[in-house]
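Contents: one structure, followed by commentary.
Naming: A, B, ... by sequence-line order, numbering from 1 per chain. These numbers come from a predicted model, not from an experiment.
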2 protein chains.
Amino acid sequence: MLSAACKESIRAMIYITHAGGERKIIPVKDVAEKLDTSFYFLAKNVQKLVKAGLLFSYKGPKGGVKLAKKPEDIKLIDIVQAIDGLEFFETCLLGFKECSDEHPCAIHHKWADKRRAIYKMFSETSLKEIVEDMEKLCIDVIF
Amino acid sequence: MLSAACKESIRAMIYITHAGGERKIIPVKDVAEKLDTSFYFLAKNVQKLVKAGLLFSYKGPKGGVKLAKKPEDIKLIDIVQAIDGLEFFETCLLGFKECSDEHPCAIHHKWADKRRAIYKMFSETSLKEIVEDMEKLCIDVIF
DNA sequence: TATATTTAAGAATAAAGAGTCTTAATTCTT
DNA sequence: AAGAATTAAGACTCTTTATTCTTAAATATA
Ligand code: FES
Ligand code: FES
C-alpha cells in the first residue's frame, strides 16, 4: 500500500519531530544513521518533503532539516501525499477506470468504507500525537 | 495495495463466476476479450489460480477454466493470497521488521484495526455475493 | 491418425521502483 | 578568501514487476 520510500519518510519525520521538532536543525545524515538506512535514498525523499512544505532545509555546516509546521499540524496524509500521492484513495480496487458512487465496481461499496476509514485515520493522526503515544507507551522511536 | 495482476485476477474470477460458474468451461481467451486485457498476462495469472485450487483447467478444443468450488466458497482473500500473498496483512505499515501487538511501531495500534477490517471484508466476501450484488444493482460485470 | 485448439511453462523484453553515486550550490568557520 | 560541511539535482545501476512471446503438452474432432 505505501511504497518503501513513503514508509521510510514517515519514520524519518517521526524521528525529526522527536529529535528536533520545529526548533532544532537535524542533519539528514544523522537521520539516516538513526534509521539505519541509506543516506542517499533518504536524502532524495527528504527533498520531496521539503518541496511539499513539510520541512525547511539549510545547507552548509550545521545545516540539515527541521519541521516547517507545528507537529500537530503535520498529518500522516501530508507525508503520504508528498511521497506516493493519493491515487490509492482515488482509484478502483479492481483497476477500473472510474471509481465513484455513481460508477461503482463490484466491490466499490464495501471498499469505499474501508478506504475512507484509512483516509480519516491518516488525516487525523499528527506527528505530535504519534510521538506522544510512543513516549507514553515507552516505544523506541527508532525501533 | 493490490498488484495489477491481482486486480485483474479478481475481475477475471468475477466474470468466470458470472459466465460459467462451477459448471460451464470458459476459455481464457474469452475472459481476456471480455475484460479487454492481454491474453498473455491473464493466462499467466490464471495458472496461479489453478495451482491454488480455485479453478479447474482443461486443455484442448472446448478447453478453458471453471470454478473449482462453489461461488459462495471462494472468497476475495483466496484470490489475493494466490496472486499477491498475504504480506500486506502481516507486515508493518512503516517497514519495521516485526509487526505485532508485542512489538508495535508508532502507529501499529491504529493501523492494525483498519487492516483487520479489510482482512475481514476480504474473508467474508464471496464471489457469489459479488455477482448477486452486481445483478441486484444492475452493474455490468465487465464495466 | 492428423489437425486444430487450448492450457502449461518458462524465456525474453519493457517499464517502474529502489537504491547509489557524482557534481553543483550554498553556507558556516577559520 | 579558503576550506569544509551539507543539501539540491540529476544521472546511473540494480531489482522487481509487468507484459509479451515461444514452445511443449494435452485433448477434442474429423
Ligand atoms: S469502483 Fe472499484 S473500488 Fe470504486
Ligand atoms: S508494527 Fe508497524 S504496523 Fe504493526
Selection from [options] that lies nearest to any side-chain heavy atom of [X]:
X	options	result
A:V50	D:dA18, D:dA8, D:dA5	D:dA8
A:K59	D:dA18, C:dA25, C:dA8	C:dA25
A:Y40	C:dT22, D:dA8, D:dA18	C:dT22

To the nearest Å, how far apart are [X] [atom1] and [N] [atom2]?
X	N	atom1	atom2	answer
A:I25	C:dT26	CD1	P	17 Å
A:L2	C:dG17	CG	P	14 Å
B:L49	C:dA8	CG	C1'	14 Å
A:L42	C:dC21	CG	P	15 Å
B:F39	D:dA18	CZ	P	19 Å
A:D36	C:dG19	CG	C1'	15 Å
A:K66	D:dT7	NZ	P	14 Å
B:K48	D:dT17	NZ	P	9 Å

For [X] and [N], is the shortest distance between a side-chain N/O and OP1 or OP2 below 4.0 Å?
X	N	answer
B:S38	D:dT20	yes
B:K62	D:dT29	yes
A:S57	D:dT6	no

Legend entry - Earlier contact from the 5' end, DNA chain C, for A:S3 and B:G63: B:G63

Legend entry - Among B:L49, B:V28, B:V46, B:V50, the one residue meeting side chain to side chain contact (heavy atoms under 4.5 Å, CB included) with B:S57: B:V50

Using a heavy-atom cut-off of under 4.0 Å over every strand shown, decide if [X] touches base, sugar-phosphate, or nothing.
X	value
B:G60	base
A:K51	sugar-phosphate
A:V28	sugar-phosphate

Inset, instruction - Nearest-nucleotide wise, let me know which of B:F41 and A:K44 is further upstream toward the 5' end of DNA chain D. - result: A:K44

Inset, instruction - Let me know, please, whether B:P61 or A:P27 comes out on the 5' side of the other along DNA chain D by nearest nucleotide. - result: A:P27

Legend entry - Heavy-atom closest contact (A:C99 atom, A:C92 atom, distance): CB-N, 3.6 Å

Legend entry - Heavy-atom closest pair, residues B:E22 and B:K66: O-CD, 3.2 Å

Legend entry - Side-chain hydrophobic cluster, 4.5 Å single linkage: members besides A:I25: A:F56, A:Y58

Inset, instruction - Assess the side chains of B:T125 and A:K110: does a donor N or O sit below 3.5 Å from an acceptor N or O? - result: yes

